[in-house]
Amino acid sequence: MKIATWNVNSLNVRLPHVLDWLASAAPDVLCLQELKLEDKKFPKEAIEAAGYQVAFMGQKTYNGVAIISKHPIEDVVYNLPNFEDEQKRLIAATINGVRIVGGYFPNGQSLDSEKYPYKLAWLTALTEWLAGEMEKHPSLALMGDFNIAPYDIDVHDPKAWEGQNLVSPPEREAFFKLIGLGLTDAYRVKYPDAEKMFSWWDYRMQGFRRNLGMRIDHILLSAPLLASLTACEIDKEPRKWERPSDHAPVWATV
DNA sequence: ATGGCATTATGCTAATGA
């Protein structure tokens, strides 16, 4: 099964990109983040016409997540049951016996922002909920825009970014608590030492052309899925398209 | 060098993203 995640930064704008990528990459499952549209504006018909089913939870202007799948989508959970939240950031479902958890993790903005403790609280709630989820579903994939670069080699200029939002020690500790549940960073299994391999590039300063990016979009696999992992890649092609998202899709085959 | 660029909305300026 080919599973993927992509922060599309507005599905209104990026629907053609998503349809093109579904046709060319043909994933079984694609988690989307940052839909930035209301449920009533979700392009359900266009995605179904492409041969996919969909579960989604939209929000005007900000956030919003979806799971697109070639196979039946079962037991959908919307947002963290243990975390009261106005923001639409998480969707989970069972597909082909695999528990898929798609998340748009809070950005945090900066360490002195009120959004930073919200990010850490969200991560704590996710970790607590996910522990129970993994007991119920041994085959589980946690994927999405984590807004955390786990290692210095995931950052184009680690010196300049040292201690800042997206790489700060409390965020990285939260990331490794998720790993501690028994999850594995699929990309790092395939490419343990690869440097300058990013999933997001700033729109400004010709960030993509100069490869000034961060690896913040991840696929984390439980042990049974890790055992069947055959490939994991970041697809940089859509980032070269006209009017791209600032994120690239990341996919794995399990 | 706290700029740069893209998206959205009680829109033409401001907030947010990462």
Side-chain angles (χ1 to χ4, degrees), chain A residues 5-18 31-43 56-66 85-90 102-123 126 143-175 187 196-219 234 236 238-250:
Chain A
T5 176
W6 194 4
N7 178 328
V8 290
N9 185 21
S10 168
L11 187 57
N12 275 324
V13 176
R14 236 65 70 185
L15 178 62
H17 302 62
V18 171
C31 294
L32 297 181
Q33 300 90 41
E34 280 209 89
L35 306 178
K36 293 187 172 181
L37 49 72
E38 296 166 278
D39 283 348
K40 64 184 179 190
K41 293 187 176 174
F42 190 92
F56 56 91
M57 176 176 54
Q59 183 180 336
K60 193 159 94 173
T61 314
Y62 302 113
N63 310 312
V65 286
D85 198 355
E86 294 294 308
Q87 304 181 31
K88 312 300 190 190
R89 295 188 172 275
L90 184 128
Y104 174 46
F105 293 38
N107 175 288
Q109 197 169 55
S110 64
L111 270 61
D112 57 3
S113 165
E114 62 192 16
K115 291 172 185 151
Y116 184 79
Y118 163 74
K119 179 179 194 174
L120 296 180
W122 193 93
L123 283 158
L126 171 67
M143 49 213 282
D145 176 359
F146 282 57
N147 271 314
I148 300 171
Y151 306 97
D152 278 352
I153 54 171
D154 299 318
V155 182
H156 72 270
D157 187 347
K159 276 278 179 242
W161 277 87
E162 189 172 4
Q164 293 195 53
N165 190 50
L166 307 185
V167 304
S168 71
E171 294 169 72
R172 285 180 167 174
E173 282 162 23
F175 179 87
Y187 191 79
K196 311 280 184 195
M197 299 303 290
F198 307 130
S199 66
W200 168 86
W201 301 261
D202 203 306
Y203 283 123
R204 300 164 292 186
M205 294 163 56
Q206 296 182 293
F208 182 68
R209 190 181 64 72
R210 299 161 65 199
N211 200 27
L212 305 179
M214 313 265 272
R215 193 177 70 93
I216 54 177
D217 301 87
H218 308 297
I219 298 176
I234 301 167
K236 290 169 74 169
R239 190 62 176 76
K240 303 171 185 170
W241 296 348
E242 190 116 355
R243 229 182 157 191
S245 168
D246 44 357
H247 293 254
V250 182

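Residue numbers start from 1 in every chain, and the chains themselves are labelled A, B, ... in the order their sequence lines are given, proteins ahead of strands. As a basis for the values below, the full set of heavy atoms in this structure was taken, side chains included, without hydrogen atoms, waters or symmetry mates.
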Distance, nearest 0.5 Å, that separates CD1 of A:Ile153 from CZ of A:Phe198 | 9.5 Å
Should the ring pair A:Phe208 and A:Trp201 be called parallel, tilted or perpendicular, given that the plane angle runs from 0 to 90° and is split at 30 and 60?
-> perpendicular
Round to the nearest Å and state the distance from A:Tyr62 atom OH to B:dG17 atom C1'.
-> 9 Å
When the ring planes of A:Trp122 and A:Phe105 are compared, do they come out parallel, tilted or perpendicular, using 30° and 60° as the limits?
-> tilted
Find the distance between CZ (A:Arg89) and CD (A:Glu34) and round it off to the nearest 0.5 Å.
-> 8.0 Å
B:dC12 and B:dT2: how far apart are their C1' atoms, nearest whole angstrom?
-> 24 Å
Does anything in residues 106-116 of chain A reach DNA chain B, meaning a heavy atom under 4.0 Å, and if so which residues?
-> A:Asn107, A:Gln109, A:Lys115
Would you indicate which nucleotide in B:dT8, B:dT7, B:dA18 comes nearest to any side-chain atom of A:Asp145?
-> B:dA18
For atom P, what is the distance between B:dA6 and B:dA1, given to the nearest Å?
-> 24 Å
Check whether any side-chain nitrogen or oxygen of A:Arg243 sits under 4.0 Å from OP1 or OP2 of B:dT7, and answer yes or no.
-> yes
Applying side-chain contact (heavy atoms from CB on, under 4.5 Å), run through A:Ile234 and A:Arg239 and close with a yes or a no.
-> CA-CA 11 Å; A:Ile234 301 167; A:Arg239 190 62 176 76; over 6 Å; no
What's the OH-P distance between A:Tyr203 and B:dT16, to the nearest Å?
-> 18 Å
Atom-pair distance (CD on A:Glu34; P on B:dT16), nearest Å | 13 Å
Could you state the atom-to-atom distance from CZ of A:Arg210 to C1' of B:dG4 in whole Å?
-> 10 Å
Of A:Asp145, A:Ile216, A:Thr5, A:Asn7, the one forming a side-chain contact (heavy atoms from CB on, under 4.5 Å) with A:Val250 is A:Thr5
Could you check whether the rings of A:Trp161 and A:His156 sit parallel, tilted or perpendicular, using 30° and 60° as the cut-offs?
-> perpendicular
Kindly point out which of B:dG17, B:dT7, B:dA9 is positioned nearest to the side chain of A:Arg89?
-> B:dG17
Mind calculating the distance between CG (A:Leu212) and C1' (B:dA1) to the nearest angstrom?
-> 14 Å
Check every strand shown and say whether A:His247 touches a base, only sugar-phosphate, or nothing at a heavy-atom separation below 4.0 Å.
-> sugar-phosphate
Of A:Asn147 and A:Gln206, the one whose closest nucleotide on DNA chain B sits nearer the 5' end is A:Gln206
Identify, between A:Thr61 and A:Met205, the residue whose nearest nucleotide on DNA chain B lies closer to the 5' end.
-> A:Met205
Establish, from distance only, whether the side-chain atoms of A:Tyr116 and A:Ser168 form a donor-acceptor pair under 3.5 Å.
-> yes
Contact class for A:Asn7 vs. all strands (heavy atom < 4.0 Å): base, sugar-phosphate, or nothing?
-> sugar-phosphate
Using the P atom on both, measure B:dA15 against B:dT10 and round to a whole Å.
-> 14 Å
Looking for any heavy atom pair under 4.0 Å, which part of the strands does A:Arg14 touch: base, sugar-phosphate only, or nothing?
-> sugar-phosphate
Quick one: look up who B:dA14 pairs with, Watson-Crick or G-U, both distances under 3.5 Å, and put none if it's unpaired.
-> B:dT8
Whole-Å P distance, B:dG4 and B:dT13 | 16 Å
Measure the distance from OH on A:Tyr118 to C1' on B:dT16 and round it to the nearest whole Å.
-> 14 Å
Shortest side-chain distance from A:Lys60, nucleotide among B:dA9, B:dC5, B:dA18 = B:dA9
For A:Met214, answer base if it contacts any base atom (sugar-phosphate contacts may also be present), sugar-phosphate if it contacts only those atoms, and nothing otherwise; contact means non-hydrogen atoms under 4.0 Å.
-> nothing
Scan A:Tyr104 against the nucleic acid and name what it touches under 4.0 Å (heavy atoms): base, sugar-phosphate only, or nothing.
-> sugar-phosphate
Euclidean distance, atom CG of residue A:Leu11 to atom C1' of B:dT8 [Å, nearest integer] = 15 Å
Over how many whole Å does the gap from A:Trp200 atom CH2 to B:dT16 atom C1' extend?
-> 13 Å
Hey, are A:Asn9 and A:Tyr203 close enough side-chain-wise for a donor-acceptor pair under 3.5 Å?
-> yes
